[in-house]
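Beneath this line is the structure, given in structure tokens, with notes to follow.
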Amino acid sequence: MPELSRRDWATMNLKEVQRQLLKAASFGKVLSPEQLENAAGKIGEGLRIFLEEDRAD
């Protein structure tokens, strides 16, 4: 399996968080503080990567 680019990795993580949050909202699932902290970290890291990649273009 080929290695993902930084942008693809960030996109994959953001989509994972999106699915997790949509599932929680759809089924009334409560996310733990640890799950929310992990999701926030993935969002922050994804945004950082997108900003860095855009500046490099």
Side-chain angles (χ1 to χ4, degrees):
M1 182 174 182
E3 190 172 323
L4 293 174
S5 70
R6 292 180 71 214
R7 187 179 293 261
D8 289 342
W9 182 85
T11 300
M12 179 187 69
N13 276 321
L14 290 173
K15 286 182 180 181
E16 180 183 327
V17 169
Q18 180 185 34
R19 283 190 301 272
Q20 181 183 27
L21 294 175
L22 286 172
K23 184 177 177 182
S26 296
F27 299 106
K29 181 181 176 188
V30 176
L31 299 177
S32 71
E34 183 178 285
Q35 288 173 304
L36 291 172
E37 187 175 338
N38 188 28
K42 287 182 178 183
I43 292 169
E45 181 67 10
L47 292 175
R48 185 185 66 76
I49 289 171
F50 283 125
L51 287 172
E52 287 177 2
E53 293 290 314
D54 283 345
R55 288 183 189 140
D57 288 341

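Please read these numbers as outputs of a predicted model, since none were measured by experiment.
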Glu45 vs Arg48, salt bridge (Lys or Arg N to Asp or Glu O under 4.0 Å): CA-CA, chis, key distance, verdict | CA-CA 5 Å; Glu45 181 67 10; Arg48 185 185 66 76; 2.4 Å; yes

Heavy-atom neighbours of Glu52 CD exceed 12 at 6.0 Å | yes

Walk me through it: do Gln18 and Ile43 pass the test side chain to side chain contact (heavy atoms under 4.5 Å, CB included)?
-> CA-CA 10 Å; Gln18 180 185 34; Ile43 292 169; over 6 Å; no

Joint cluster assignment, Leu47 & Val17, ILVMFWY side-chain distance < 4.5 Å | yes

May I ask you to test the Lys23-Arg19 pair for a side-chain heavy-atom distance under 4.5 Å?
-> no

Nearest 0.5 Å please: distance from the [atom1] atom of [X] over to the [atom2] atom of [Y].
X	Y	atom1	atom2	value
Leu21	Lys29	CG	NZ	10.5 Å
Leu31	Gln20	CG	CD	5.5 Å
Phe50	Leu14	CZ	CG	5.5 Å
Met12	Lys15	CE	NZ	11.0 Å
Arg6	Thr11	CZ	OG1	12.0 Å

Flag for Ser5-Asp8: side-chain donor and acceptor within less than 3.5 Å | yes

So, for Gly46 and Ala10, which heavy atoms are closest and what is the spacing to 0.1 Å?
-> CA-CB, 3.8 Å

